[in-house]
J.: 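First, the structure itself, so that you have it in front of you.
By convention in this document, chain letters (A, B, ...) are assigned in the order of the sequence lines, proteins followed by strands, and residues within each chain are numbered from 1.
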Amino acid sequence: MSVVRLEGVSKIYSRKVPREFLGSFLLSRLRPAPHERFHALKRLSLDLKEGDSLAVIGPNGAGKSTLLSLIAGLSWPDEGKVVVNGRVAALLELGSGFHPDLTGAENVYLNAAVLGLSRRRTREMFDSIVDFSGVAEFIQEPLRTYSAGMVMRLAFSVATAVEPDILLIDEVLAVGDQAFQAKCVAKILELKRAGRVLICASHVKQTLRQLCSRAIWLDRGGLVREGPAAELLDAYEGQGAGQT
Amino acid sequence: MRHNNHGFLLGNLILRDFRIRYRNMSLGILWSLLNPLVMMVLLTFVFTRVFPALSKPNFHVFVLCGIIPFNFFSVAWVSGTLSVNGNAALVKKVILPREIVPLSTVLANCIHFAIQVALLLAVVWLAGYKPNGYWALLPVVLGLEVVFVSGLSLITSALDVYFRDVRYVVESANTVLFWMVPIFYDLSQVPYGYHELYQYNPVAAVVLACRNILYEATAPPPTLLYKLFFVSVLFLVAGLFVFGKLKRRFADYL
């Protein structure tokens with residue numbers, strides 16, 4: 001059974017200035033400007049089954065984030081259909097809801113709630129979340145006293161307590177030092193072994209090689225190639241776009 | 001992840017707003033009390049010393065019955081309106097029922113509201129009024145005000161994503177309402193032809209009902225309560241509908 005299926009999905013933005021002000025909206029009603037539309041995603045189809053892991057590669061503006069937010073249900077396609085069977089967790093940004101004036105512990109609870117964890121599970125997982133992050137001795141201090149790296153580690157640790165059927169990751173794996181990154185990768189591989197679907201957009205080739213078996217290569221919203229991750233990553237690097 | 005823990009999420013978002021507001025403030029919760037007391041003293045001075053003809057016995061009680069429901073309404077509506085834009089990161093990047101963003105903001109304001117209502121009851125009691133059976137209606141009346149401002153905030157917070165001018169419309173509407181809600185005057189001073197219109201404004205209806213209960217120690221007229229109920233629930237339903245329609249393109253505009 002397919003867990004994530006996209007059928008000819010397009011996302012179209014109009015390039016004229018967003019109608020942020022009522023005045024310009026009324027004006028545009030009076031004198032309609034010619035619509036300049038561009039495809040953030042062009043008729044993309046995709047089919048992922050249990051245990052699949054997909055790397056999404058391509059230069060900036062290729063449509064990687066658009067694709068993830070469509071699968072997450074955060075935005076709606078303009079054409080085509082997105083079918084998702086199962087609970088989705090989206091790590092599109094770490095530490096959503098984090099506030100600098102709250103303590104580390106308070107932020108853990110807040111972020112866990114935001115990511116969809118229950119009160120019970122948050123309580124059960126609290127100690128292991130804090131352990132994983134390695135910031136235990138500062139957990140009662142306000143977050144603004146943390147270094148940027150510490151904040152990210154705490155954020156990622158909360159995210160690991162989520163147990164989704166489908167995990168979407170957008171460029172959030174470049175967190176912390178090498179030891180911490182290795183821990184993160186191990187944690188995600190654990191999910192993958194449990195048959196969860198993983199979709200990962202990143203520029204960090206090494207991580208993608210470790211995590212993903214399939215890959216799609218996007219450019220300006222269109223599909224360039226798809227195939228086994230290792231093969232596609234080689235081709236992508238060879239093409240010289242590797243360092244974006 | 002798809003949420004089935006709305007209560008936990010709502011509680012944490014409310015707690016966040018509340019904690020952020022009071023942390024790093026030496027006077028903390030006293031600020032919730034200071035503002036309505038200052039307004040009460042000012043308006044009482046104006047209407048007992050400057051315009052004594054417009055005064056009423058225990059004017060400070062009379063006016064505080066108006067100030068507190070109105071203050072809650074205006075503050076909750078403005079912060080509710082700004083909430084979706086203010087939490088753009090959550091709305092854009094996290095899978096959560098988006099309705100929870102304006103609703104938690106309005107509900108966080110209810111904590112201050114509860115403190116201010118306690119102040120109101122204290123002032124009423126200090127003025128020599130004894131609690132009466134109608135006080136039991138207060139939670140219903142004030143609850144309907146929360147329902148109304150929730151519905152209204154759902155509409156304006158969604159519109160504010162598309163048109164950033166909505167916040168100024170809301171602020172101006174609040175200024176208009178300060179005069180069009182009977183805060184420092186009574187409905188009996190308003191020409192009869194407008195009474196119906198006043199009663200259909202939930203904020204005015206709440207003020208009138210509070211005054212019935214606390215200042216006059218009588219039951220609010222049932223017709224007033226029906227209107228309050230009808231309009232408040234209507235706005236909540238409309239708010240959920242409009243928000244549900246508009247939220248689909250939030251991520252494209254934030």
J.: Quick one: of B/V166, B/L15, B/D160, B/N12, who has the most non-hydrogen atom pairs under 4.5 Å with chain A?
T.: B/N12

J.: Tell me, side chain or backbone of A/T66 under 4.5 Å from chain B's heavy atoms, or both, or neither?
T.: neither

J.: Working to the nearest 0.5 Å, report the span between OG of A/S65 and NZ of B/K93.
T.: 5.5 Å

J.: Answer yes or no: are there more than 12 heavy-atom neighbours, outside B/F235 itself, under 6.0 Å from its atom CZ?
T.: no

J.: Report yes or no: does B/R98 contribute a side-chain atom to a donor-acceptor pair with the main-chain N or O of B/K247 at less than 3.5 Å?
T.: yes

J.: Should we count CZ of B/R167 as having more than 12 external heavy atoms under 6.0 Å?
T.: yes

J.: Between A/L92, A/L167, A/L68, which residue shows the highest count of heavy-atom pairs closer than 4.5 Å to chain B?
T.: A/L92

J.: Find the distance between CG (A/L54) and CG (A/L198) and round it off to the nearest 0.5 Å.
T.: 8.5 Å

J.: Return the option, out of A/I166, A/T122, A/D170, with the maximum number of heavy-atom pairs under 4.5 Å with chain B.
T.: A/T122

J.: Does A/S118 reach the main-chain N or O of A/R121 with its side chain, forming a donor-acceptor pair under 3.5 Å?
T.: yes

J.: Quick one: which of A/A72, A/G73, A/A40 has the most heavy-atom pairs under 4.5 Å with chain B, could you say?
T.: A/A72

J.: Which bit of A/D78 comes within less than 4.5 Å of chain B, counting heavy atoms only: side chain, backbone, both or neither?
T.: side chain

J.: Non-hydrogen atoms of chain B under 4.5 Å away: do they reach the side chain of A/S69, the backbone, both or neither?
T.: neither

J.: Where does B/V91 contact chain A at under 4.5 Å (heavy atoms): side chain, backbone, both or neither?
T.: backbone

J.: Quick check on B/I100 against chain A: is it the side chain, the backbone, both or neither that has a heavy atom closer than 4.5 Å?
T.: neither

J.: Report, as yes or no, whether the 6.0 Å neighbourhood of atom NZ on A/K192 holds more than 12 heavy atoms from other residues, nucleotides or ligands.
T.: yes

